[in-house]
Enquirer: 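My questions all concern the structure below.
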2 protein chains.
Amino acid sequence: MTVTETHRPLTLLPAGSVACMTCGARSASVCNAVEERDLRLLEGAAEKIRIAPGAPFMVEGAPADCFFNITSGTARLVKLLPDGRRQVTGFADAGRFLGLAATERFGFGAEAIDAVTACRFSRKRLRGLIDDVPLLERRLLASASSELAAAQEQLLLLGRKTALERVASFLLERQAALPVCRGGDETVSLPMGRGDIADYLGLTIETISRTLGMLKTRGCIAVDKASEIRIRLPARMRALAAGED
Amino acid sequence: MTVTETHRPLTLLPAGSVACMTCGARSASVCNAVEERDLRLLEGAAEKIRIAPGAPFMVEGAPADCFFNITSGTARLVKLLPDGRRQVTGFADAGRFLGLAATERFGFGAEAIDAVTACRFSRKRLRGLIDDVPLLERRLLASASSELAAAQEQLLLLGRKTALERVASFLLERQAALPVCRGGDETVSLPMGRGDIADYLGLTIETISRTLGMLKTRGCIAVDKASEIRIRLPARMRALAAGED
DNA sequence: AAGAGAATTTGACATGGGTCAAGGCGCGAC
DNA sequence: GTCGCGCCTTGACCCATGTCAAATTCTCTT
């Protein structure tokens, strides 16, 4: 069975395909720290890559020799236990910067959920870029701070919320994550499968399914397709997510 | 009932009591980014405070107008749900920098466990300090990165580990947290109560107690006092913490 | 050293969510 | 169109951990 060029798990797109000037993810990303006149610096430091659905592009424990900036699609960030138990520590959408590691090795892995495109920087080139553009470091710090706040919110969810509260929190988070796209503002698109959601919320596939069923029964949501849910009673959902009944 | 000067929950120590040059926490903290000749800058920006055991000094949701650097003692970092359920997101020992907030408000609260001393900086003064000492920003980024990695490790713990695995992980983490002090290297000191441990590990007080009892029965640990535990079989504990049986 | 109060431990029982096992259904291949 | 496979849903039962209650042991005060 041959693997064609377009189906390889990870494709390096041709040099020159990095076009920061027209990049839709720029305004949402740390790249926004680079002024328009310096964008050529950024383009010179990046390689554009395409990752096939399901393919990993960062491996937990591997040497942290590069960084990624997602430009389209959604990735899952994963940590594993030796026996295979899995925790999804987050989902990374367009604009998300990945790979800042405190140590020499990645603390988590990353895998494409749908088709993902990203800019890849070598550790060395990013360092050079930071020296040229000091504002970049400030942006990275701001980005790390907000990721930290999100992680702490997730600690509260995993440590103290019930299954119903977790699922409600998740749907609202997803709604807030993606700026209004097609389908109206109450529609939440879920590119990840139930297994990913379960591993993100510290539950099982079955509990996710049952809990969504209960939210549907209560009229809080409508499940159009498995991957597309509408929030019908946002206020009710916010109360549920906060554990207020 | 009068509150004497020394028993007030939060005491501002006299100006001039900030002595970075001799601060035992400096080498472990972001302050280490400041060279000796610039330490006066740092001293000028800081106020030294003392917090009584149990007293809060950062309130979740309050305006994030200052920052803290713990110089001695241990604090717990807490997040609350409206109905009172509590998640301890971490413990902060000497050297830990607190208060970097992505937003205008603190994302978590902080309370002294034992007697805590700390340096307090106003948001504005820290900003000035960062402008004077660029290396400080790099240190803050490094500090945020390692906190993020720790938070993700805790997500794995809360989402996927059993009670036994959580308690074993916690004891090893505490052992690694505090550099060897009195009592030999296998002794773990636990200034926090069982309730704090439970809220950190997403369990109940009773489960903590029972699990410690089981570790004791198995010969993995010795419980000298409730607040002092010796790890007798470190290899066994590491295996347990990783879920390897 | 004794006493009081708080923290911890221990025990009996309850339950939320996990596990195991069938179905159902949506979507792409042919 | 319909076939087949993977994902999702639903159901029955079980267990790890929570809840409630009491006994025990620390620790601080007097």
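Naming: A, B, ... by sequence-line order, numbering from 1 per chain. Since the model is a prediction, treat every value here as computed from it, not as a measurement.
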Enquirer: So do the side chains of B:Tyr200 and B:Gln154 get within less than 4.5 Å of each other, counting heavy atoms only?
Expert: yes
Enquirer: Once you round it to whole Å, what is the distance between P of C:dT10 and CZ of B:Arg194?
Expert: 11 Å
Enquirer: Listing request: all salt bridge (charged side-chain N to carboxylate O under 4.0 Å, His left out) pairs with a residue in residues 215-226 of chain A, at least two apart in sequence or in separate chains.
Expert: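 For residues 215-226 of chain A, and leaving out neighbouring residues, the salt bridge (charged side-chain N to carboxylate O under 4.0 Å, His left out) pairs sorted by first residue read A:Asp224-A:Arg230.
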Enquirer: Please lay out, stage by stage, how B:Ser169 and B:Lys161 fare under the test side chain to side chain donor-acceptor pair (under 3.5 Å).
Expert: CA-CA 9 Å; B:Ser169 301; B:Lys161 289 189 183 178; 2.9 Å; yes
Enquirer: Could you tell me whether A:Phe57 and A:Phe68 have their ring centroids closer than 6.0 angstrom?
Expert: yes
Enquirer: Mind grabbing the angle between the end helix axes of the helix from C:dA1-D:dT30 to C:dC30-D:dG1? Five pairs an end, 10° rounding.
Expert: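 The two end axes of the helix from C:dA1-D:dT30 to C:dC30-D:dG1 meet at 50°.
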Enquirer: Between C:dT9 atom C1' and B:Leu215 atom CG, what is the distance in whole Å?
Expert: 15 Å
Enquirer: Without decimals, in angstroms, what is the distance between B:Leu212 CG and D:dC26 C1'?
Expert: 16 Å
Enquirer: Which residue pairs pass the salt bridge (charged side-chain N to carboxylate O under 4.0 Å, His left out) test with at least one member in residues 52-61 of chain B, sequence neighbours excluded?
Expert: B:Glu60-B:Lys79
Enquirer: Starting at CD1 of B:Ile229 and ending at P of C:dT8, how long is that distance when rounded to a whole Å?
Expert: 11 Å
Enquirer: Can you measure B:Ile205 atom CD1 to C:dG11 atom P for me and round it to whole angstrom units?
Expert: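 Whole-Å distance recorded here is 18 Å.
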Enquirer: Rounded to whole Å, how long is the line connecting atom CG of B:Leu201 with atom P of D:dT17?
Expert: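 In whole Å, D:dT17 P lies 12 Å from B:Leu201 CG.
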Enquirer: Output side-chain donor-acceptor pairs under 3.5 Å for residues 206-213 of chain A, partner residues at least two apart or in another chain, one line each.
Expert:
| residue | atom | partner | partner atom | Å |
| --- | --- | --- | --- | --- |
| A:Thr207 | OG1 | A:Thr204 | OG1 | 3.2 |
| A:Thr211 | OG1 | A:Thr207 | O | 2.6 |

Enquirer: Assign a letter to each nucleotide of nucleotides 16-30 of chain C from its 5' end: B, base within under 4.0 Å of a protein heavy atom; S, sugar-phosphate only; -, no contact.
Expert: -SSBB------S---
Enquirer: Taking only residues two or more places apart in sequence or in another chain, which ones pass side chain to side chain donor-acceptor pair (under 3.5 Å) with B:Arg76?
Expert: B:Glu111, B:Asp196
Enquirer: Without decimals, in angstroms, what is the distance between B:Ile197 CD1 and C:dT8 P?
Expert: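 Value for this atom pair: 8 Å.
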Enquirer: Could you tell me the separation between the CD1 atom of B:Ile221 and the P atom of C:dT9, rounded to a whole number of Å?
Expert: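 Result: 9 Å.
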Enquirer: Can you find a heavy atom in the side chain of B:Phe91 that is under 4.5 Å from one in the side chain of B:Ile113?
Expert: yes
Enquirer: For residues B:Arg236 and B:Leu240, determine if any side-chain heavy atom of one lies less than 4.5 Å from a side-chain heavy atom of the other.
Expert: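 Yes, side chains in contact.
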